[in-house]
Amino acid sequence: MVDQTHFLNARLADGSLRDLIVADGRFSAIAPAGNAARSGAVDLAGQLVLPAFVEGHTHLDTSFYGDAWRPHIPCTNGFDVRERVAFQMRNLEQAAAMEERAGNQLELCVGNGSLAMRSHVMVDAVVGLKHVETILGVREKYRDLIDIQLVAFPQSGILSSPGTAELLDEALRLGCDLIGGLDPASFDRDVKGHLDVVFGLAEKRGAGVDVHLHDRGTLGLFEIEEIVARTTASSMQGKVVISHAYALGDISPDALARAAERIAAAGIAIMTNAPGDHPFPPLAALRKAGVTVFAGSDNIRDSWWPYGDGDMLNRANMIGYRSGFYEDWELEAACDVVSHAGAKALGLEGYGIAAGAKADFVALKAEHVPEAVVAVPKDRIVYRAGREVARSGKVSAKAR
């Protein structure tokens, strides 16, 4: 017997009212509104329906959300990744159990409408594989509520942390989906050696690549060019992400145009969370060049900053505000960054509001997408495979 649910009077992004029919967790049909009411039908009463949001970059293992408040410790002489990592290790020693903190953050994200996520998980010679093993268990526990991709992330570098390359390999074998990297030039001071390991492990394990790149200006641009070259040489188009890519917001318009053309040709996606005190990739110029730009919360109340609410619609608002997006089509682009563009970057199957797609969606009170982005309505209902899992920010379904 087919498990079928009818959702009536859904307002789609194009403004039309539709009835959505869900069978076995997928949209089986999308029809003009007006079907006669039937037993068990859910009347959405003209609420805007959007595909569930994509949390494209976060750190489940290091968040303190739901734990005791940790006052932010400033770096002693400007932003320094190594010093921030040291603060992080100190705070983690005093934190609640990782399973509890990660679960708190997942329920925060699900409650706000994210049903797909990519989380980076720390791997280095000090923590070994403990974080990976724990978060793999958390992923399994929550798999009925949210799809989670995991990145084996060398938070302390690769070459500068002996034994990390082997640990990254084992993390991929255990179940991580992607291999990460971190500032090959400024952190490991060996761009070739660092990328040899990253792309070598990606080829060996058939994994994707997602590199943290904070380096700015021409140094960061050089690293981007090297990643582009490696991606093309390895035929990994569509499987590589550069996260943060601050350098793209810190170079001349001409240099940006040339870089955007190369990034697009290599099929590399760019992730940004539009951080308040750093330059960030110019969305409009990159999207115009054909680059997939998507978003994530990054750190949520951890040792890097005290901010983060796990709400990707609010992230779209933030990105639009910082990008100077005012017109409706620009606000729609901001929403795309946390939805369809994120799904493309993560390679998600069956994403969207369309017949055959997974029935993972959010219903909220807004007339259209631009209003949703600027108003960020909190009164939302979140559906996973056509089943309600959260309402008004609170998860109503159980994890396994």
Nearest heavy atoms of P184 and L195, plus distance in Å: CG-CD2, 4.1 Å
Closest non-hydrogen atom pair, T292 against A341: CG2-O, 3.6 Å
Side-chain donor-acceptor pair present, H6, Q4, cut-off under 3.5 Å: yes
S16 side chain vs L12 backbone, donor-acceptor pair below 3.5 Å: no
Short side-chain to backbone donor-acceptor contact, N299 and D302, under 3.5 Å: no
For the student: nearest non-hydrogen atoms of G128 and L167, plus distance: CA-CD1, 4.1 Å
Closest approach of D360 to A385 (non-hydrogen atoms, all atoms of both residues): OD1-N, 2.8 Å
I146 vs L106, side-chain contact (heavy atoms from CB on, under 4.5 Å): CA-CA, chis, key distance, verdict: CA-CA 8 Å; I146 183 170; L106 282 173; 4.2 Å; yes
Evaluation steps, side-chain contact (heavy atoms from CB on, under 4.5 Å), between L313 and N112: CA-CA 8 Å; L313 187 57; N112 282 313; over 6 Å; no
Q149 (side chain) donor-acceptor with L346 (main chain) under 3.5 angstrom: yes
Qualifying salt bridge (Lys or Arg N to Asp or Glu O under 4.0 Å) pairs with a residue from residues 310-329, counting only residues at least two apart or across chains: D311-K378, D311-R380
Distance-only side-chain donor-acceptor flag, S243 / D210, under 3.5 Å: yes
Euclidean distance, D190 CG relative to D196 CG, rounded to 0.5 Å: 8.0 Å
Pair T76, E83: side-chain N/O donor-acceptor within cut-off below 3.5 Å: yes
side-chain hydrogen bond (donor to acceptor under 3.5 Å, both in side chains) evaluation trace for Q105 with T58: CA-CA 10 Å; Q105 184 176 335; T58 193; 2.6 Å; yes
Test salt bridge (charged side-chain N to carboxylate O under 4.0 Å, His left out) applied to K239 - qualifying residues, sequence neighbours left out: none
Would you list the atom pairs, donor with acceptor, under 3.5 Å between side chains in residues 46-56 and any protein atom, with sequence neighbours excluded?
unit_1: Q47; atom_1: NE2; unit_2: L44; atom_2: O; d: 3.3
unit_1: E55; atom_1: OE1; unit_2: S297; atom_2: N; d: 3.4
unit_1: E55; atom_1: OE1; unit_2: S297; atom_2: OG; d: 2.6
unit_1: E55; atom_1: OE2; unit_2: H57; atom_2: N; d: 3.3
unit_1: E55; atom_1: OE2; unit_2: S297; atom_2: N; d: 2.8

Y246 OH: over 12 foreign heavy atoms closer than 6.0 Å: yes
Whether D250 side chain and R216 backbone form a donor-acceptor pair below 3.5 Å: no
Exercise: identify the closest heavy-atom pair between G157 and L182: N-CD2, 4.1 Å
Any K358 side-chain heavy atom under 4.5 Å of D147 side chain: yes
Donor-acceptor pair, side chain of E203 and main chain of F199, under 3.5 angstrom: no
Any donor-acceptor N or O pair under 3.5 Å, side chains T164, D124: no
Joint cluster assignment, I319 & V291, ILVMFWY side-chain distance < 4.5 Å: yes
Interatomic spacing from CD1 in I251 to CG in L221 - rounded to 0.5 Å: 4.5 Å
Donor-acceptor contact below 3.5 Å, side chain T134 vs main chain K130: yes
Derivation and outcome, side-chain contact (heavy atoms from CB on, under 4.5 Å), residues D309 and L108: CA-CA 8 Å; D309 61 1; L108 174 72; 5.5 Å; no
Within-4.5 Å side-chain heavy-atom neighbours: V395 and V389: no
Under 3.5 Å donor-acceptor, R384 side chain and D144 backbone: yes
Side-chain donor-acceptor contact under 3.5 Å, S160 with D188: yes
Side-chain heavy atoms of I21 within contact of I30, under 4.5 Å: no
Minimum side-chain heavy-atom gap V121-F153 below 4.5 Å: no
Salt bridge E99-R139, side-chain N to carboxylate O under 4.0 Å: no
Identify each donor-acceptor pair in which a side-chain atom of residues 259-287 lies under 3.5 Å from a protein atom, sequence neighbours left out, and give them as a table.
unit_1: R262; atom_1: NH1; unit_2: E225; atom_2: OE2; d: 3.0
unit_1: T272; atom_1: OG1; unit_2: A274; atom_2: N; d: 3.0
unit_1: R287; atom_1: NH1; unit_2: D336; atom_2: OD2; d: 2.9

Same cluster (ILVMFWY, side-chain, under 4.5 Å), Y142 and L136: yes
Parallel, tilted or perpendicular, as decided by the 30° and 60° cut-offs, for the rings of F7 and F361: perpendicular
Neighbour count above 12 (heavy atom, 6.0 Å) for D14 CG: yes
Main-chain N/O of A45 paired to D43 side chain as donor or acceptor, under 3.5 Å: yes
Chi angles and distances behind the side-chain hydrogen bond (donor to acceptor under 3.5 Å, both in side chains) call for S186, D215: CA-CA 7 Å; S186 64; D215 292 333; 2.5 Å; yes
CG-SG distance between D169 and C176, expressed to the nearest 0.5 angstrom: 11.5 Å
Spatial distance of atom NE2 (H131) from atom NE2 (H120) [nearest 0.5 Å]: 15.5 Å
pair L213-H244: side-chain heavy atoms closer than 4.5 Å: no
Single-linkage hydrophobic cluster, 4.5 Å side-chain cutoff, L348 and V293 together: no
Euclidean distance, T5 OG1 relative to E388 CD, rounded to 0.5 Å: 12.0 Å
Ring-ring centroid check H59 H212, cutoff 6.0 Å: yes
Note, L178 side chain near L150 side chain (heavy atom, < 4.5 Å): no
Heavy-atom side-chain proximity of V123 to Q155 below 4.5 angstrom: no
R70 charged N/C atom sitting above F64 aromatic ring, 6.0 Å / 45°: yes
Set of residues satisfying salt bridge (charged side-chain N to carboxylate O under 4.0 Å, His left out) with respect to E170, sequence neighbours excluded: R173
S63 (side chain) donor-acceptor with I300 (main chain) under 3.5 angstrom: yes
Any donor-acceptor pair under 3.5 Å from R230 side chain to K192 backbone: yes
Shortest non-hydrogen separation from S396 to A390 and the atoms involved: OG-N, 3.3 Å
Close side-chain approach of H194 and F187, heavy atoms under 4.5 Å: no
Residue pairs involving residues 319-357 (criterion ring-ring contact (aromatic ring centres under 6.0 Å, His included); sequence neighbours excluded): H340-Y351
Charged N-O contact under 4.0 Å between R101 and D61: no
